[in-house]
*Asks:* 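Here it is, the structure in full.
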Amino acid sequence: MKPVNIGFLGFGTVGQGTATVLTRNAAEISRRAGQDIIVKSASVRSTNRTLDPLLADIQLTDDSESIVNDPDVDVIVEVMGGDEPARSLILTAIANGKHIVTANKALIACHGGEIFEAAREHGVSVAFEAAVAGGIPVIKSIREGLAGNKIQWLAGIINGTCNYILTEMLEKDREFEDVLNEAMELGYAEADPTFDIEGIDAAHKLTILASIAFGVPLQFDAVYIEGISSITREDTAYAQELGYRIKHLGLAVDTGNGIELRVHPTLIPERRLIANVNGVMNAVLVHADAVGPTLYYGAGAGAEPTGSSVVADIMDVVRVASASVANRVPTLAFQHDALIDTHPMKSEEFQTAFYLRILVEDKPGVMAEITKALGDESISIEAIIQKEQLDGSSKVPIILLTKKIVEGAMNRAIEKLESLDSIEGKVTRIRMETLDAS
Ligand code: HSE
């Protein structure tokens with residue numbers, strides 16, 4: 001059978017990782033795919049670069065157009081990232097009848113609808129396993145392995161950089177910036193690392209996961225997004241003292257009254273498996289009606305782990321190329337004309353428990369003022385600790401855990417608390433989730 005030729009758009013960490021896996025495991029891959037898969041060409045910013053000898057036969061060019069217009073290229077692997085020129089190049093490649101494999105979560109989350117429609121028109125496939133949780137085959141698992149289930153919620157540690165930073169802050173008492181720089185050097189972080197630490201990267205991934213879990217359109221703009229830049233080492237330590245870990249989670253919840261799509265730091269009971277996912281590792285916990293909870297764990301970033309997903313996608317698109325579009329696994333898990341346009345809930349409607357850290361004047365009556373502000377909004381306290389006075393300061397931190405409450409009520413209570421004379425500065429608030437499997 002004629003070999004399948006691959007052209008890469010971009011050839012950085014993930015591109016080279018993918019090409020390395022394809023080349024090193026070529027015999028094994030061919031036995032599985034029933035066809036040889038050859039890396040023909042790759043577009044790069046500068047062609048004066050030295051590649052690993054294993055990749056020496058790949059033609060490098062600085063002209064991406066020549067790759068998407070090359071009649072000998074069957075599958076385009078887009079690993080350049082970002083919006084443009086990736087979007088336009090992919091649309092040209094689709095118009096030229098090429099299948100697309102991409103690791104570009106921002107592109108799928110924000111322009112997936114347009115790209116999938118073009119692909120349907122031209123009878124080609126678009127695959128994007130590597131866009132979510134790197135090497136973990138979570139898209140395939142949800143889309144195909146859980147196809148018989150109604151999915152109730154999912155919660156994922158889907159940004160390795162955030163998880164790495166939170167883990168190092170807790171375990172090694174390291175500074176935020178210091179750990180972030182290391183994550184950038186190791187190639188985990190995005191080109192613009194604010195995408196990681198402000199939660200945008202996780203929101204791109206959550207958008208994709210929610211769509212395939214619930215059969216809703218991709219709606220990145222509707223995700224509530226909070227990053228980890230306001231989390232302090234004190235918070236990670238207090239949470240631990242109370243039996244919790246702080247993780248940056250993406251949550252998609254079908255509440256029965258609407259869908260919650262949210263990305264934010266979250267306290268999770270430390271006894272949960274997912275609370276013990278550390279470093280750059282990712283994990284996605286999916287709760288579905290028939291199977292119950294399932295947990296997918298693995299490397300969320302890095303050259304070969306992400307390459308592993310890209311290669312599996314290449315093999316998939318090659319295998320199904322001869323099937324009619326109607327007989328392929330739907331790109332977003334549900335038939336494209338069966339997506340339900342459920343608008344996600346507003347953040348004031350979310351229901352969660354909270355961790356609050358409040359810096360107060362150390363004087364009688366302050367606790368009563370705090371409990372009144374919470375009580376007035378029917379917020380019930382689950383646990384409370386007051387730390388000792390810090391050296392030379394008249395202020396002490398009070399840490400509170402509340403029961404579940406609608407977020408609008410918590411917003412009002414925090415506004416009242418911040419207006420009290422005995423309270424210094426802003427109240428730190430972090431949402432809590434028990435992630436009960438029942
Ligand atoms: N910057 C991403 C992360 C890379 O840290 O998880 C993988 O998408």
Side-chain angles (χ1 to χ4, degrees), residues 10 12-18 21 77-83 86 101-110 112 127-140 154-169 176-210 212 218 220 223 225-229 231 246-251 263-266 274 277-284 296-313:
T13 307
V14 176
Q16 291 180 54
T18 303
V21 175
V77 173
E78 186 272 306
V79 282
M80 64 202 316
D83 244 30
V101 174
T102 178
N104 191 336
K105 50 251 161 164
L107 189 73
I108 295 298
C110 302
F128 47 90
E129 181 68 68
V132 180
I136 311 174
V138 66
I139 290 187
K140 200 171 183 71
L154 60 85
I157 296 175
I158 45 182
N159 183 271
T161 302
C162 281
N163 204 40
Y164 188 61
I165 292 174
L166 290 173
T167 305
E168 293 283 301
M169 277 166 71
F176 188 98
E177 287 296 332
D178 169 36
V179 191
L180 175 60
N181 286 336
E182 192 186 353
M184 287 165 71
E185 275 161 29
L186 291 168
Y188 300 147
E190 295 304 296
D192 176 356
T194 57
F195 271 49
D196 296 295
I197 58 178
E198 297 306 342
I200 298 158
D201 176 77
H204 287 144
K205 295 167 181 168
L206 185 76
T207 301
I208 299 170
L209 286 175
I212 59 167
L218 296 158
F220 170 72
V223 181
I225 308 175
E226 231 182 79
I228 60 164
S229 50
I231 302 294
I246 300 178
K247 294 290 175 191
H248 189 250
L249 287 190
L251 289 131
V263 164
H264 51 72
T266 315
I274 195 167
V277 170
N278 290 321
V280 76
M281 302 308 271
N282 280 197
V284 182
Y296 308 88
Y297 167 85
E304 290 202 19
T306 311
S308 162
S309 286
V310 175
V311 172
D313 270 354

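Indexing begins at 1, ligand by ligand and atom by atom, following the structure's order.
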*Asks:* Under 4.0 Å from a heavy atom of Ala301: give me the atoms of ligand 1 that qualify, with their elements.
*Replies:*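 This gives 4 (C), 7 (C) as the contact atoms.
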
*Asks:* May I ask you to decide if Gly279's main-chain N or O and Asn163's side chain share a donor-acceptor pair within less than 3.5 Å?
*Replies:* yes

*Asks:* Give the minimum heavy-atom separation between Gly134 and Ser309, together with the two atoms involved.
*Replies:* O-OG, 2.7 Å

*Asks:* In the protein, what heavy atom is nearest to atom 5 (O) of ligand 1, and what distance, to one decimal place, separates them?
*Replies:* Thr161 OG1, 2.7 Å

*Asks:* With atoms numbered from 1 as shown, which atoms in ligand 1 lie under 4.0 angstrom from a non-hydrogen atom of Lys205?
*Replies:* 2 (C), 3 (C), 6 (O), 7 (C), 8 (O)

*Asks:* Given that the side chain starts at C-beta and the backbone is N, CA, C, O, which of these parts of Ala189 lies under 4.0 Å from ligand 1, counting heavy atoms, or is it both or neither?
*Replies:* backbone

*Asks:* Check Glu198 against Ser229 and note the closest heavy-atom contact, atom names and distance.
*Replies:*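 Scanning both residues, the minimum pair turns out to be OE2-OG, 3.0 Å.
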
*Asks:* What distance separates Asp201 CG from Thr161 OG1, expressed to the nearest 0.5 Å?
*Replies:* 7.5 Å

*Asks:* Could you say whether the N/O atoms of Gly160 and ligand 1 ever approach to under 3.5 Å?
*Replies:* yes

*Asks:* Between Gly250 and Leu206, what is the shortest heavy-atom contact and its length?
*Replies:*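 Between these two residues, the closest heavy atoms are C-CD1, 3.6 Å.
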
*Asks:* Below 4.0 Å, non-hydrogen atoms only: which portion of Asp201 touches ligand 1? Side chain, backbone, both or neither.
*Replies:* side chain

*Asks:* What is the nearest protein non-hydrogen atom to atom 8 (O) of ligand 1, stated with its residue, atom name and distance?
*Replies:*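 Checking every protein heavy atom, the shortest distance to atom 8 (O) of ligand 1 gives Lys105 NZ, 2.6 Å.
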
*Asks:* Looking at Asp196, which atoms of ligand 1 are within less than 4.0 Å of one of its heavy atoms?
*Replies:*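 It comes down to these atoms of ligand 1: 1 (N), 2 (C), 3 (C), 5 (O).
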
*Asks:* To the nearest 0.1 Å, how far is atom 2 (C) of ligand 1 from its closest protein heavy atom, and which atom is that?
*Replies:*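 The closest one turns out to be Glu190 OE2, 3.1 Å.
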
*Asks:* Mind checking whether Tyr188 and Tyr164 have parallel, tilted or perpendicular rings, split at 30° and 60°?
*Replies:*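 Tyr188 and Tyr164: perpendicular rings.
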
*Asks:* Residues in salt bridge (charged side-chain N to carboxylate O under 4.0 Å, His left out) with Glu168, at least two apart?
*Replies:*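 Scan of Glu168 (salt bridge (charged side-chain N to carboxylate O under 4.0 Å, His left out), adjacent residues dropped) gives Lys172, Arg174.
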
*Asks:* Please verify whether a non-hydrogen atom of Gly300 lies at under 4.0 Å from ligand 1.
*Replies:*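 Distance cut 4.0 Å: Gly300 passes for ligand 1.
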
*Asks:* Nearest to atom 4 (C) of ligand 1, what protein heavy atom do you find, and at what distance?
*Replies:*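 The protein heavy atom lying closest is Tyr188 O, 3.2 Å.
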
*Asks:* Geometry only, no angles: is Asn282 polar-contacting ligand 1 at N/O separations under 3.5 Å?
*Replies:* no

*Asks:* Is there a donor-acceptor pair closer than 3.5 Å between any side-chain N or O of Asn159 and the backbone N or O of Ala202?
*Replies:* no

